Structures are given as C-alpha cells and as structure tokens.
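Have a look at the structure below, then the notes.
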There are 2 protein chains.
Amino acid sequence: MYIGLPLKVTLKLTRAKVKSKITLKDIARELEVSISTVSKALKNSEEISRDTKEKIQAFAKLYNYRPNNIAISLKNKRTKNIGVVIPDIVHHFFTTVIRGIEKYANARGYNVIVCSSDESFDREVINMEMLANGSIDGFIMSLSSETQLKNDYNHLKEVTDQGIPVVLFDRITNEVECDKVIIDDLLGAYTATKKMIDQGRKKIGLITTADYLSVSKARTDGYQKALTEHGLEVDESRILKLSSMEMDEELIQDFFENSDIDALLTVNEIFAVYSMRLAQKKGMRIPEDMSFIGFTDGFLSQYAYPSLTVVAQHGIRMGEVAAQMLIEKVESEAEVETYQTKILEPTLVVRDSTIN
Amino acid sequence: MYIGLPLKVTLKLTRAKVKSKITLKDIARELEVSISTVSKALKNSEEISRDTKEKIQAFAKLYNYRPNNIAISLKNKRTKNIGVVIPDIVHHFFTTVIRGIEKYANARGYNVIVCSSDESFDREVINMEMLANGSIDGFIMSLSSETQLKNDYNHLKEVTDQGIPVVLFDRITNEVECDKVIIDDLLGAYTATKKMIDQGRKKIGLITTADYLSVSKARTDGYQKALTEHGLEVDESRILKLSSMEMDEELIQDFFENSDIDALLTVNEIFAVYSMRLAQKKGMRIPEDMSFIGFTDGFLSQYAYPSLTVVAQHGIRMGEVAAQMLIEKVESEAEVETYQTKILEPTLVVRDSTIN
DNA sequence: TTGTACGCGTTATCAC
DNA sequence: GTGATAACGCGTACAA
C-alpha cells in the first residue's frame, strides 16, 4: 500500500514498532528463552553457555538494549542521582559549584538534578520534598536567603531524619547536623581588608548585607577584625548593609555620595564593579585615588575596567569537595553519624583595582 | 539502659527505626489491612468506608507518608523529569534559559535534570545516553560546539527514534527532526549593524566564530546583509573569526591593533567588553570615537563601563517556550509527528556604548 | 545450563 | 467495603 511513497515514510512506520525501548522481556520472547537467562547472558554470567550468550548479546546489541534506570533504582533503592538546590542559577559562583559537582559526580556515574529555590523558602521546601521522595540519593545545597532569614530548617531535618545525606555549602547553618563545605569567609574579608590597610588606606568602606546571611556576617566580621587589629576604628557610617544580595543602585549611590572612604570592600562582585563606575564618574582614578575589592572571581571582575581585585571562592573545588563528601556518605554502608565541616581557603586575586 | 543519656541520643535511636521512608506495605502491616485498601484510602476512594479511610489517612499523615516517585515512574512509564543538556553551565545565557525551563516545568510538577556537555561531543553523548534510559520524559538541549563541528547527530536521532521528544534551542541543526526554538539571530545582528550605520559608522568590524556554530553563522549573515543593503562593502579584514566562543585575548588585541574600524559588533558580550577595554587603553572615547554592540544581555553588559548596548536573546522566554513545547509533546497521546520551529524576536537594548 | 519465583513500591482490575 | 493479583523492568537465590 505504501509502495511509491518516499523512503522516509516507510522508515517512520518501521520505527514505530521499535519505539519505546526494548526490555529483557522482549529479548526473551523473541529468542524463546527465559528473562533470567537473558539477564545473566548480558552480564556475561558463567552459568550461561557460550552459544546462548553470543546469540543474546548479539541480539541485544542489534536492538541497542539498555537496562532501564528506573527499574534498577527501584530494585537497588539507589538512584545514582544527586539533588542540588541552590538559591539562584543565574549566578557565577553557584554555577561554578555546580560545575565542580558535575565533574566529580559524573565521573562516578551520578546525575545531577538541579533545582533553584530562587531565594524563596517555599520553593526550597517544595523542591526538596519533590526530590526526597525517591528521586535522589542525597542533597547538596546552599540555603536561600529567605530560609536563613526565617531560620526555619525543618525541611532539612525531615530529610536527614529519613536517612538522606545532606551536604550544605556556602550558605550554611549550625541548626542542622550534616556535612558542610564553606570557604573561610572571615579570613577572606580579613585578607582583603588588610591588603588595603597595607597600602595605606585608612578609611575603608564595606558594602554588605544584613547579618542573617551567614556569609555576609562572616565577611563583615573579617573586615572589622582587620580594622581593629590594625588600630583603625570601625566607623558604622562607612558600612552599608543592604537587605539582600540584590543590586540596589540608589542605596549604593547614596552611600557613595555621603560617606568618606578611600577604599571599598564588597561582599560580591557586582556591588564593587558598580561602585567603581560611580567613582569613575566622579572623576576619581582607580586605584590611585581609591581601591576596590570584591568577592567572587567571575567574568565581571575579570573584564571590568579596571579589572577588579577579588577574594576567589574556588567554587569548582567547593563543588568537588561537596560531591565527594556526599557520595562517600551515600555509598557508605556504615550508619556512623559523624559529620564534618570542611573549610576551604579563599585566595586574593590581585588585579588593577588595587595598588600592586 | 539509656536512661541518663542526653535526649539527643535517645531520639537518634528512635529515628533509626523511622529511617528510610514508610511505604504502603508498612502502613498495611501496622493497621492490619491490605495494601490495596491503604492505596485506595489514601486516594480517598469511595470504595473504602469512612472509618477505615480516616484511620489510614491519620496514620499516613502521622508518619508523613509520601508515595515513592521511582515506583510511580516505573508503573506509569512517566518520570516527570526533563533532561536539559547545555554546552556550558557557567554561562549567563544558558542559565537564563534554565531558569525559564524550571519556571514553566516546576509549575507543572516536572523536575529539571541539568547536564553540561562542556562543549564536548563525547560528554554530550554520554549524558544523553545516561538520561535516555528511563530517567527523563524528554530532552531540551543546545548543541555543543564540538557536535556542531563534527556534524554528527546520531545520538539525537537514536533518542528521537525511541520516541523520546527533543526540543533544541539556540544551537540547533536541520539534520534532526524535532521541535526547535531560536531567536532570529540574523535579524538581531542586522538590527545592531543597522543601528551603527544609522549613526554614521562606515567601518564596522565583527568578531565572530567559525561558521560551524549555527548562531555565529546567522549573526555573520545578518551583519553582512545590513552592510550590503546600505551600500557598504563587506571587508574581510574587518572580520575576526575565532575558532570558538572561548576568549582569545591575543587574537582580539591583534585584530584591534591592525584593523581600521569605527564600530564593532561581537557575537557575545565578553568579546565586546574586552574590546572596549582595549579601546579605552588606546585613549579612545566610547561611544564618541567608536561604538560597540554585543550579544547577550548579561551582568557584564549592564555593569561594564560604559555599559554595553546588546542584542538581548530573552533566555527566560526561550526556556519557557522550549519547556512548553516539550511538555506538550510528552503529554500528548497522539503520535502525530509534526514539528515546529519557533523563532523569537531579539531586542536591541541600547546603552552607553552606542550613540543614543 | 536454563528456568522459576520473588521482591522493589505502586496502582488498576477483578473477585469476594 | 475489602483484599488478592497482576503488572511495570530488573536481578538473583534457588530449583530443576
């Protein structure tokens, strides 16, 4: 009936039969053997005769047989999936961490399921519940700002109570017992501040966020520690605390107009780069008249003009470490409940926004 | 025996029993009813008596019963997972698309599994095979540069042959029959080039990549079309073709030194921002002496100094559209094999790197 | 050497 | 109104 129609159509009809992957059962039926024989043959079991094995393996190869992950997951109670929940996916540092996680996890046969909480408590809860019902073997996550603000970690506790391992990174809390990876944010800010002090700056400003964000708190502490240790007083008028990591151009402009500073540390790269622009507009020279240091070694810092000195957070490394810790927990039979917090060292990447 | 030990320890022992989620079977055993009764009761079936239902529902709630996703996936042959394969995760445009996909997909109860191919053909193949064996209901993907270079799409064809729906976005190919979403790259480049022509620029340069990358090809075509239509000749010495989207500072410096241009279009934002820096170092004023336009409306463009005029690619919208097309295919019973390519309109976001 | 039976957790159908 | 059974796809202990 289809004679004369273009080849394409004929092929499609043939394909229709093949559609939806071939299973052990299909092979067994076709070759008139039992399912278990097929299963064993495909695993090259010694139990099966060479003839049968070859026949089955050839057939399987021909039809491109692949075991169904879902069935295996159900059987093994192991999904080989890692759930990653982060506050924001359009964010250099977090994607860098994901890259590290993927690198380590993929090499060990794990998939990475990424969900962004979008800085929302509710979305964080929903995403975790979704994934916790069997979809993943463990979580790697960084808390949303709303979660840190509410200080409510019941969703995390429920998950750990079910025996699902969790590794927290960057934005963490002491309220939950689990493995953690962070950089030494205090040290990072301390080093950066000290760098500027060493260059002779005496009026160092800080743009940070409210203290509920764990990382900002630590960075603010580091900044203050450096000042104090070097005999400089902490002047609140030189500190701007924004309510979140969101850019607020007006507040920064205001701050910049009204505070008397000759150097500026910020808790991310955007605040710093934006501030540099304000300085330039006022005709200041960077770094001669004013120094800038930010956090996060992203594209913005590299390609800003002048390029920005930053505290690098080594996201890839952090992701690898987190993945390693998680997979270790997932694959360990032992029920030992011992948790560790790994603290990575930040690095100061010196560029043109500070005097060399 | 544990009397006197801190509460925490006692709790942990209790938890040990609760560990690993409760199943229908557990409830059935505990309440001395059959599994099917439990299943029906929890779905509020009319078949079950009020008393039994209440008892079971209360028990389930108390022990926080949640159906196991994996078991349901196996039964329904639906995972409610979408596989996303992109060339690079540390990339503003792609993460923006992911955000759009997540937004649409999550609202419909789908998870997003993200894998990055890292611009590698092999990793793209491996990731797809991994996911195709039952882990996902469909793919949304953008081709790696290596794939476009090799022009080998058998892994995609295998997947579609199995009846797994695929939606390609941004970096697409005509070799595979499936749904596609792109922006009109040619139009975007055309509009940008025309903008500079209208401002009186006559020596407009272009930094692009080799033609195998579908988007670069289209953008190069748009640039040339604009020139030709406005009576300007296409001067090859004003075009720099890099081998990939990777930054190559040396080649760009070279190009910048040796070519006679008064305006520059680039196929991403990094090339443009870096070039602006070179111009500034040469003492040129932007946009008075030279205009710049890039592709991708990211942080770099927004916070560069001067801020960069760009062709916005509307990643979020693209992600939403892709997710919508995919989910429609996934959920449609019909076997209709009709594919569409949606073309989104790019927008020129005018900033300070061009004369207003 | 091959096959049978069972279990992973769930749902749908059918029997009682 | 409740329960037994089969099925989704796979692996494996055990039986033949």
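Every chain is numbered from 1, with letters handed out A, B, ... down the list of sequences. Remember, it's a predicted structure, so these values are computed and weren't measured experimentally.
Dashed line: the shortest gap from a side-chain N or O of A:Tyr65 to OP1 or OP2 of D:dG9 is not under 4.0 Å. In terms of phosphate contacts, B:Lys75 brings no side-chain nitrogen or oxygen within less than 4.0 Å of OP1 or OP2 of D:dA6.
More than 12 heavy atoms of other shown residues, nucleotides or ligands fall within 6.0 angstrom of atom NZ in A:Lys157. Under a cut-off of 6.0 angstrom, the local environment of CG in B:Asn174 is sparse, with at most 12 non-hydrogen atoms contributed by other residues, nucleotides or ligands.
Distance alone, capped at 3.5 Å, places no donor-acceptor pair between the B:Gln340 side chain and the B:Val181 backbone. Put simply, the side chain of A:Ser34 gets close to the backbone of A:Thr37: a donor and an acceptor are under 3.5 Å apart. Formation of a donor-acceptor pair under 3.5 Å by the A:Ser142 side chain with backbone atoms of A:Arg171 is found in this model. Between the side chain of B:Lys25 and the backbone N or O of B:Ile35, no donor-acceptor pair lies under 3.5 Å. With hydrogens and angles disregarded, no donor-acceptor distance shorter than 3.5 Å links the side chain of B:Glu102 to the backbone of A:Ser117. Using modelled atom types, no side-chain atom of A:Asp179 and backbone atom of A:Leu326 make a donor-acceptor pair closer than 3.5 Å. No donor-acceptor pair closer than 3.5 Å links the side chain of B:Asp137 to the backbone N or O of B:Ile82.
Here the C1' atom of nucleotide D:dT12 and the CG atom of A:Leu24 are 13 Å apart, to the nearest Å. In this structure, A:Leu74 atom CG and D:dC8 atom C1' are separated by 9 Å, rounded to whole Å. Between B:Lys40 atom NZ and D:dA4 atom P there is a gap of 11 Å when expressed in whole angstrom units.
Residues from residues 41-53 of chain A with heavy atoms under 4.0 angstrom of DNA chain C, sorted by number: A:Glu47, A:Ile48, A:Ser49, A:Thr52. Near-neighbour residues of DNA chain C inside residues 25-37 of chain A, defined by a heavy atom below 4.0 Å, number-ordered: A:Val33, A:Ser34, A:Ser36, A:Thr37.
Residues B:Arg99 and A:Asp88 are paired through a salt bridge, judged by an N-O separation under 4.0 Å between the basic side chain and the carboxylate.
Between the side chains of A:Asn68 and A:Lys21, no donor N or O sits under 3.5 Å from an acceptor N or O.
Of all nucleotides in DNA chain C having an atom under 4.0 Å from a heavy atom of chain A, the first and last in 5' to 3' order are C:dT1 to C:dG9.
Residue-level contact check: B:Thr23 touches the backbone only, with heavy atoms under 4.0 Å from sugar-phosphate atoms and none from bases.
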